[in-house]
Amino acid sequence: MRPRSPLVFMSLVCTLLNTCQAHRVHDDKPNIVLIMVDDLGIGDLGCYGNDTIRTPHIDRLAREGVQLTQHISAASLCSPSRSAFLTGRYPIRSGMVSSGNRRVVRNLAVPAGLPLNETTFAALLKKQGYSTGLIGKWHQGLNCDSRSDHCHHPYNYGFDYYYGMPFTLVDSCWPDPSRNTELTFESQLWLCVQLVAIAVLTLTFGKLSGWVSVPLLLIFSMILFIFLLGYAWFSSYTSPLYWDCLLMRGHEITEQPMKAERAGSIMVKEAISFLERHRKEPFLLFFSFLHVHIPLPTTDDFIGTSKHGLYGDNVEEMDSMMGKILDAIDDFGLRNNTIVYFTSDHGGHLEARRGHAQLGGWNGIYKGGKGMGGWEGGIRVPGIVRWPGKVPAGRLIKEPTSLMDILPTVASVSGGSLPQDRVIDGRDLMPLLQGNARHSEHEFLFHYCGSYLHAVRWIPKDDSGAVWKAHYVTPVFQPPEAGGCYVTSLCRCFGEQVTYHNPPLLFDLSRDPSESTPLTPATEPLHDFVIKKVADALKEHRETIMPVTYQLSELNQGRMWLKPCCGVFPFCLCDKEEELSQSRGPNEKR
């Protein structure tokens with residue numbers, strides 16, 4: 001046998017080295033699974049003190065990881081909170097705020113959305129070689145100039161894969177008892193329109209060619225009939241159900257309107273499929289639940305199973321879905337090299353009620369809830385982090401942390417670097433999580449309601465344990481002493497429906513976490529010192545805020561031509577999930 005040349009051996013050695021290097025790079029880069037629930041109250045989970053709603057899978061995650069007990073959202077409503085989570089920046093910096101009462105992306109027909117010059121954690125990780133996926137709720141906008149430009153699609157923010165709801169659940173989304181009938185009727189109507197259109201084209205061509213003699217009035221009447229039919233169909237579908245309650249896979253609309261009670265189960269299957277496809281490479285999966293936002297679409301398997309009505313049923317279904325995702329991580333052998341993070345986008349919705357039935361979450365001992373930018377119940381959320389072997393299990397961290405901390409944290413563990421051309425408000429959590437730091441890197445946290453600052457939190461860099469919080473603005477509860485704004489459904493941020501405080505109300509959350517008794521110079525010797533310290537910090541903070549377009553004010557007005565459409569506008573209804581399911585047959589896997 002001829003001896004192999006040195007070049008062959010060198011090639012083999014290089015191949016082996018490259019393979020080892022690739023494995024080492026993968027080993028150094030943990031997989032990252034970020035899970036966010038919609039509108040979940042901190043008091044809804046067993047690991048945070050609830051003993052009547054069953055959440056065994058989330059409770060197990062807490063036992064196996066670190067539990068953050070003072071984890072703070074940057075906003076108390078969906079769109080601004082999620083923009084801060086994605087970018088590590090206060091929403092006021094990106095413009096994902098409003099100076100009015102519409103404080104979220106209003107519907108899918110508005111051009112508002114997360115500005116394209118913002119950098120998300122998905123974009124950072126993609127540069128580090130990660131496969132990136134988003135499954136679930138987006139609510140950061142969709143279109144800008146036309147119904148198919150998808151300028152605010154997740155693909156433009158670093159995500160490689162997307163399946164989910166580009167908007168958010170609204171009351172119209174569920175239940176929809178006439179959905180199947182409407183889908184069938186529209187398919188027949190669209191067939192009729194196509195036949196008439198073919199007849200118009202045939203008659204027009206025949207007349208121009210001299211093959212047939214037909215009055216022009218008949219042709220024009222048929223064209224008018226098509227337009228009138230389309231207009232009548234469009235006018236009969238004014239509900240958000242038909243234009244906002246939809247699902248997409250990539251750029252394709254798969255359900256319009258969606259079958260809401262089925263959506264969660266499909267998303268879990270999509271998540272498991274994503275984990276399986278990418279288990280041999282570093283990946284980021286952001287799983288964004290539609291649960292537990294009203295109207296609480298819940299499958300029959302969970303209806304009536306909890307002690308807290310439909311809301312409790314929905315929470316327990318969400319926990320069951322969490323269990324399936326966690327089991328998949330274990331089954332694919334990913335557990336030891338995967339960071340799992342669990343949270344809610346903001347506090348529970350106190351005012352969500354139907355009659356005497358409570359449809360929103362419980363925020364435990366904390367005052368206020370969703371929509372309240374300053375009170376703790378609107379912004380204190382669950383926070384759980386599990387990373388076996390790297391983060392000690394079973395620990396409680398009481399230091400203030402923020403949803404904005406996720407971007408710098410995942411950048412740190414992946415070897416990425418933060419953007420240097422902008423302010424990043426989040427801080428790397430790893431020193432705190434691993435026990436290498438005793439205190440939070442945050443000294444001040446600023447709490448906004450829309451574009452209006454309502455409160456400031458100061459965490460002194462000492463061992464006093466104090467967490468000072470100064471409220472400059474608080475909402476006026478309706479009715480008084482009710483603890484929520486039941487007349488307007490959500491509390492307002494400005495005007496006659498808030499109270500302005502000068503000097504601000506002051507609390508020490510370490511002694512009064514429920515914010516029940518404001519401190520005064522007579523009851524707190526440090527009162528004036530703390531108020532001045534906070535005022536100085538607020539002044540410095542405001543100097544870092546650059547003027548930007550408020551996406552949720554100027555651009556949050558609907559335009560008919562931006563309404564998404566599964567077919568040919570206005571014949572937009574479709575259910576490709578059902579068609580796909582039928583084509584596969586009952587025994588085929590997704």
Side-chain angles (χ1 to χ4, degrees), residues 29-38 78-89 94 96 105 108 112-144 148-168 246-254 263 266-279 281-290 325 329 334 338-343 345 403-404 406-411 413-414 416 418-419 426 551 564:
K29 294 181 184 295
N31 306 311
I32 299 168
V33 177
L34 308 176
I35 301 172
M36 177 175 280
V37 185
D38 201 0
C78 305
S79 296
S81 169
R82 290 162 183 269
S83 72
F85 176 65
L86 287 161
T87 65
R89 287 155 51 83
S94 63
M96 287 297 285
V105 173
L108 291 179
L114 184 64
L116 292 170
N117 62 354
E118 290 294 324
T119 300
T120 69
F121 50 66
L124 290 181
L125 291 179
K126 191 170 182 178
K127 289 182 180 179
Q128 296 303 307
Y130 277 69
S131 296
T132 57
L134 167 60
I135 295 173
K137 173 173 171 173
W138 175 235
H139 210 187
Q140 297 294 300
L142 185 60
N143 297 317
C144 290
S148 59
D149 67 22
H150 295 175
C151 64
H152 293 305
H153 191 280
Y155 284 0
N156 294 326
Y157 300 91
F159 291 100
D160 298 323
Y161 179 76
Y162 175 62
Y163 177 82
M165 186 179 190
F167 189 51
T168 184
L246 55 88
L247 294 175
M248 298 180 71
R249 178 178 283 105
H251 286 290
E252 181 185 25
I253 297 173
T254 59
I266 296 177
M267 289 174 187
V268 170
K269 291 176 183 177
E270 290 286 336
I272 293 172
S273 177
F274 181 90
L275 295 173
E276 185 174 20
R277 289 197 307 273
H278 298 287
R279 60 182 172 174
E281 60 190 4
F283 64 79
L284 161 75
L285 172 61
F286 174 22
F287 190 86
S288 179
F289 273 104
L290 301 184
I325 295 172
I329 291 172
L334 300 170
T338 300
I339 299 173
V340 178
Y341 167 80
F342 175 88
T343 193
D345 54 354
L403 265 65
M404 296 184 293
I406 298 308
L407 179 135
T409 301
V410 300
V413 299
S414 66
L418 297 176
Q551 295 286 322

What's the spacing between [X] [atom1] and [Y] [atom2] if we round to 0.5 Å?
X: Arg277; Y: Ile272; atom1: CZ; atom2: CD1; result: 12.0 Å
X: Leu142; Y: Asp149; atom1: CG; atom2: CG; result: 7.5 Å
X: Asp345; Y: Ser288; atom1: CG; atom2: OG; result: 7.5 Å
X: Leu114; Y: His139; atom1: CG; atom2: NE2; result: 12.5 Å
X: Arg82; Y: Gln140; atom1: CZ; atom2: CD; result: 8.0 Å
X: Leu285; Y: Leu334; atom1: CG; atom2: CG; result: 11.0 Å

Donor-acceptor pair, distance only, cut-off 3.5 Å: does the side chain of [X] make one with the backbone of [Y]?
X: Ser81; Y: Cys78; result: no
X: Ser273; Y: Glu270; result: no
X: Lys137; Y: Phe289; result: no
X: Thr87; Y: Thr119; result: no

In the structure I gave you, are the side-chain heavy atoms of [X] and [Y] within less than 4.5 Å of one another anywhere?
X: Val33; Y: Ile329; value: yes
X: Leu116; Y: Asn156; value: yes
X: Tyr157; Y: Glu118; value: no
X: Leu34; Y: Leu284; value: yes
X: Leu290; Y: Asp38; value: no
X: Pro419; Y: Leu124; value: yes
X: Ile35; Y: Val340; value: yes
X: Phe342; Y: Val37; value: yes

Nearest non-hydrogen partners of [X] and [Y], listed with the distance:
X: Asn31; Y: Pro282; value: OD1-CA, 3.3 Å
X: Leu418; Y: Pro408; value: CD2-CA, 3.8 Å
X: Pro115; Y: Ser94; value: CG-O, 3.1 Å

Do [X] and [Y] have their ring centres less than 6.0 Å from each other?
X: Phe274; Y: Phe287; result: no
X: Phe286; Y: Trp138; result: no
X: Tyr161; Y: Phe159; result: no

- [ ] Take Gln551 and Val105 through the side-chain contact (heavy atoms from CB on, under 4.5 Å) test and state the conclusion after the steps.
- [x] CA-CA 8 Å; Gln551 295 286 322; Val105 173; over 6 Å; no
Open item on the list: With side-chain contact (heavy atoms from CB on, under 4.5 Å) as the criterion, how do Met267 and Tyr163 come out once you've worked through the C-alpha distance, each side chain's angles and the decisive distance to 0.1 Å?
Closed with: CA-CA 7 Å; Met267 289 174 187; Tyr163 177 82; 3.9 Å; yes
Open item on the list: Checking Glu281 against Ser131: is there a side-chain donor and acceptor pair closer than 3.5 Å?
Closed with: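 Looking only at side-chain atoms, Glu281 and Ser131 do form a donor-acceptor pair, the distance falling under 3.5 Å.
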Open item on the list: Quick check on side chain to side chain contact (heavy atoms under 4.5 Å, CB included): which of Leu275, Ile32, Thr132 does Phe283 satisfy it with?
Closed with: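 The option that passes is Leu275.
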TODO: Applying side-chain contact (heavy atoms from CB on, under 4.5 Å), run through Ile339 and Thr409 and close with a yes or a no.
DONE: CA-CA 11 Å; Ile339 299 173; Thr409 301; over 6 Å; no
TODO: Using the side-chain contact (heavy atoms from CB on, under 4.5 Å) rule, take Asn143 and His150 through it: C-alpha gap first, then chi angles, then the decisive distance, then the call.
DONE: CA-CA 5 Å; Asn143 297 317; His150 295 175; 3.1 Å; yes
- [ ] Pick out which of His152, His153, His251 makes a ring-ring contact (aromatic ring centres under 6.0 Å, His included) with Tyr162.
- [x]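 Only match with Tyr162 under ring-ring contact (aromatic ring centres under 6.0 Å, His included): His153.
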